[in-house]
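These notes are about the structure you will find just below.
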Amino acid sequence: MNTEAICPNATLYERLGKRPGIEAIATDIFNNHMKNPLINTRYANSDPANVIRLVTEMCCAGFGGPETYSGKDMISAHKGMNINAVEFVAVCDDVLAALDMHNVGKREKDEILCILYSLKNEVVHL
Ligand code: HEM
């Protein structure tokens, strides 16, 4: 959803359609990961509903919503996985593809990509 034309000052949370919009995007991010041979084995033991809930909460809280994130911080969540840079880019590609599936605008995509990239050192080679 791209509401920028109507509400240019809205939070990223609002521009993505609040929790329902973000949850739908998080679901497609997870579905894209499952189809992505570069990373799908990483989630072999995951409970999809739980991962989707945590990613939804984190995005809602980080993008300006009232939600509380109940998951681990990014370093604790990824420590010991030794995730590499190719896997990191694969996750970013899956996120961008999910945003396209929901017709999210360029401004929002740019903002989200910057946020993802800012977290790289909390995810890669831990
Ligand atoms: C900036 C990029 C990333 C963000 C924002 C992110 C976010 C998250 C969040 C919120 C969780 C849940 C934490 C918890 O269990 O409390 C998580 C878990 C996880 N992440 Fe990431 N992640 C990122 C990159 C990656 C990458 C590149 C990989 C490797 C493919 C990866 C693999 C995993 C796995 C395997 C889990 C555990 C899932 C489970 O417990 O079932 N993540 N991530």
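Numbering of ligands and ligand atoms starts at 1, following listing order.
One finds the NE2 atom of His102 at 10.5 Å from the CG atom of Leu16 (value rounded to the nearest 0.5 Å). To the nearest 0.5 Å, atoms CG (Asp28) and CE (Met101) are separated by 3.5 Å. How far CD1 of Ile25 is from CD1 of Ile52: 13.0 Å, rounded to the nearest 0.5 Å.
When heavy-atom distances to ligand 1 are checked against 4.0 Å, the residues falling inside are Ile39, Arg42, Tyr43, Ser46, Val51, Leu54, Met58, Tyr69, Gly71, Lys72, Met74, Ala77, His78, Met81, Ile83, Glu87, Phe88, Val91, Leu116, Leu119, Val123, ordered by chain and number.
Between His33 and Tyr43, the angle of the ring planes stays under 30°, which puts this pair in the parallel group of the 30/60° scheme.
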Practice item. List the steps, then state whether salt bridge (charged side-chain N to carboxylate O under 4.0 Å, His left out) holds for Asp100 with Lys109. Key: CA-CA 9 Å; Asp100 281 339; Lys109 283 167 60 178; 2.6 Å; yes

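Annotation for Ala61 and Tyr69: closest pair CB-N, 4.2 Å, computed over non-hydrogen atoms.
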